[in-house]
Amino acid sequence: MMRMSRYILVGILLGFVLYKSEAVSWYRIYEMFRFQSFHMYGIIGSAVVAGILIVQIIKRRHVKNVEGEVIQIRDKNKSIPRYLIGGFIFGLGWSMAGACPAPMFILLGSGYTVFVVYLLAAMTGTYVYGLLRKKLPQ
Amino acid sequence: MKETLLQLQQFIAEPWPWYVAGPLLAMIMFILLYFGHEFGISDNFRLMCAADGADEMNDFFKIDWKNGGWNLMVALGAVFGGYLASHYFMGSQGDIAHISSATVQQLNEMGVPAKEGATPLVPEFISWSSLFTWQGWLIIAGGGFLIGFGARYAGGCTSGHAISGLSALQLPSLIAVVGFFMGGLFMTYVIIPLIFPIK
């Protein structure tokens with residue numbers, strides 16, 4: 001139970017960060033794709049800059065995880081079509097729905113119960129991908 | 001003591017600037033790495049499918065979803081976080097999206113009601129009642145479907161590729177992020193203008 005509760009705390013922090021920075025807002029996503037504000041680019045950009053520093057420190061200092069093992073970050077499989085086409089489809093959904101997966105959970109908690117429909121639709125999309133996977137270019 | 005706590009609450013309640021939010025997201029990635037996991041929210045959709053019985057119908061869902069329990073807990077925590085932030089830490093102006101005046105003007109021209117300094121985080125057209133319009137249905141169910149499909153096809157979403165993947169200098173993640181933006185720009189410039197106004 002202790003092991004699981006720490007993940008709930010991480011999730012709560014994630015919820016605060018994305019809610020209070022307005023990254024959960026449809027309007028903020030629209031504004032980003034119209035290049036009318038630096039805000040979203042600032043969030044993603046500073047997360048990546050800080051993330052690169054963290055990953056470099058982990059790699060150079062062989063930082064260990066809570067179990068005492070050196071943290072390994074697996075390389076992602078090499079391919080182009082999969083990431084480009086899959087990414088394109090995700091991007092269509094991201095900008096139309098105005099929310100990526102984490103904000104769906106966060107806004108549901110904020111009381112916008114209609115996000116249940118988002119989650120069910122996203123599960124359906126994932127399921128249909130599972131069915132078609134072998135027929136799609138990877 | 002009580003006063004300090006109230007000040008802290010007010011401090012948290014104000015909108016968070018990007019330079020606070022971004023590094024905190026990187027810290028969340030680090031905390032999860034420290035616990036032995038990689039940050040990626042969209043995998044929860046697959047876990048939720050598997051937990052609902054899809055594991056018996058299709059190989060892609062033949063995963064021990066209980067191993068993903070940690071990730072489902074992150075998602076559950078995000079639900080709590082959304083509840084706490086919106087109920088106990090509402091900003092002094094309410095929960096509004098501080099979008100630029102250029103965006104407000106753009107939206108108004110397109111027939112989307114928006115007011116500077118008074119735009120809610122969630123638009124009116126994302127609600128149960130808008131599911132009775134084709135546009136609402138398209139945005140909510142269609143958008144959700146594309147997100148679930150695309151995230152699994154690309155092997156990750158904003159957290160898995162744009163944050164974790166780019167931080168680890170993964171070329172596949174850069175390709176995925178380029179894909180995200182191509183899709184997002186096509187939707188924003190070509191399709192969204194056809195969807196509005198909603199009548």
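Fair warning: this is a prediction, and the values are worked out from it, not measured in the lab.
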Give every residue pair that meets the salt bridge (Lys or Arg N to Asp or Glu O under 4.0 Å) criterion with at least one member in residues 119-138 of chain A, sequence neighbours excluded.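 As it turns out, the salt bridge (Lys or Arg N to Asp or Glu O under 4.0 Å) pairs with a partner in residues 119-138 of chain A, which skip direct neighbours, are A/K134-B/D59.
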
Using a heavy-atom cutoff of under 4.5 Å, enumerate the residues of residues 145-156 of chain B that contact chain A, numbered in order, or state 'none'. B/F145, B/L146, B/I147, B/G148, B/F149, B/G150, B/A151, B/R152, B/Y153, B/A154, B/G155

So which part of [X] gets closer than 4.5 Å to some heavy atom of chain A, the side chain, the backbone, both or neither?
X      : value
B/I31  : side chain
B/L185 : both
B/L174 : neither
B/S159 : neither
B/L166 : both
B/M48  : both
B/I96  : backbone
B/Y34  : both
B/N44  : side chain

Is the side chain of [X] donor-acceptor paired with the backbone N or O of [Y] at a distance under 3.5 Å, no angle test?
X     : Y      : answer
A/K59 : B/A168 : no
A/E31 : B/S100 : yes
A/S25 : B/A97  : no
A/K76 : B/L171 : no
B/R46 : A/G130 : no

Options [options], ranked by heavy-atom pairs under 4.5 Å with chain B, top entry:
options                        : answer
A/G15, A/A23, A/S46, A/P81     : A/S46
A/L108, A/V63, A/I73           : A/I73
A/T113, A/V116, A/V117, A/L120 : A/T113
A/L53, A/I29, A/L131, A/I44    : A/L131
A/A102, A/G98, A/G45           : A/A102
A/N77, A/L119, A/V17           : A/V17

Supply the atom-to-atom distance [X] [atom1] to [Y] [atom2], rounded to the nearest 0.5 angstrom.
X     : Y      : atom1 : atom2 : answer
A/W94 : B/C157 : CH2   : SG    : 9.5 Å
B/L76 : A/M4   : CG    : CE    : 11.5 Å
B/L33 : A/I54  : CG    : CD1   : 8.5 Å
B/L84 : A/I12  : CG    : CD1   : 6.0 Å
A/S37 : B/I99  : OG    : CD1   : 9.5 Å

Flag the pair [X] / [Y] as yes when their ring centroid distance falls below 6.0 Å, and as no otherwise.
X      : Y      : value
B/H37  : A/Y7   : yes
B/F181 : A/F33  : yes
A/W26  : B/F125 : yes

Mind running ring pair (Phe, Tyr, Trp, His ring centres under 6.0 Å) on B/H161 and A/Y83 for me, showing each step along the way? CA-CA 10 Å; B/H161 277 310; A/Y83 297 110; 5.6 Å; yes

Contact class of [X] relative to chain B, heavy atoms under 4.5 angstrom:
X      : answer
A/I80  : both
A/S79  : backbone
A/E69  : neither
A/M40  : neither
A/I58  : side chain
A/L132 : side chain
A/Y127 : both
A/A99  : backbone

Any chain of hydrophobic side-chain contacts (each under 4.5 Å) joining [X] to [Y]?
X     : Y     : value
A/V70 : B/L32 : no
B/W16 : B/Y88 : yes
A/F16 : B/M90 : no

Take A/R6 and B/W70, measure what side chain to side chain contact (heavy atoms under 4.5 Å, CB included) needs, and give me the verdict at the end. CA-CA 9 Å; A/R6 63 192 185 188; B/W70 69 272; over 6 Å; no

Considering residues, nucleotides and ligands other than [X], do more than 12 of their heavy atoms fall under 6.0 Å from its [atom1]?
X      : atom1 : result
B/W137 : CH2   : no
B/F35  : CZ    : yes
B/Q9   : CD    : yes

Using 30° and 60° as the class limits, which term best fits the ring planes of A/Y129 and B/F60: parallel, tilted or perpendicular?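 Perpendicular, since the angle between the ring planes exceeds 60°.
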
Might you work through the side chain to side chain donor-acceptor pair (under 3.5 Å) test for B/W18 and A/S21, ending with a clear yes or no? CA-CA 7 Å; B/W18 59 265; A/S21 67; over 6 Å; no

Select, from B/S164, B/A54, B/A141, B/A75, the one with the greatest count of heavy-atom pairs under 4.5 Å involving chain A. B/A75

When only pairs under 4.5 Å are counted, which of B/S130, B/P172, B/S42, B/S127 shares the most heavy-atom pairs with chain A?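 Maximum pair count with chain A is reached by B/P172.
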
Considering only heavy atoms from C-beta outward, does the side chain of B/P15 approach that of A/K20 to under 4.5 Å? no

Should B/F186 and A/F88 count as side-chain neighbours, where that means a heavy-atom distance under 4.5 Å? yes

For B/M187 and A/Y30, what are the C-alpha separation, side-chain angles and deciding distance, and is it a side chain to side chain contact (heavy atoms under 4.5 Å, CB included)? CA-CA 10 Å; B/M187 176 61 69; A/Y30 180 80; over 6 Å; no

Side chain to side chain contact (heavy atoms under 4.5 Å, CB included) partners for B/Q7, two or more places apart: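 Scan of B/Q7 (side chain to side chain contact (heavy atoms under 4.5 Å, CB included), adjacent residues dropped) gives none.
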
Partners meeting salt bridge (charged side-chain N to carboxylate O under 4.0 Å, His left out) with B/E3 (sequence neighbours left out): none

Think A/R34 forms a cation-pi with B/Y189, using NZ or CZ under 6.0 Å from the six-ring centre and within 45 degrees of its axis?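 A/R34 over B/Y189 ring: yes.
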
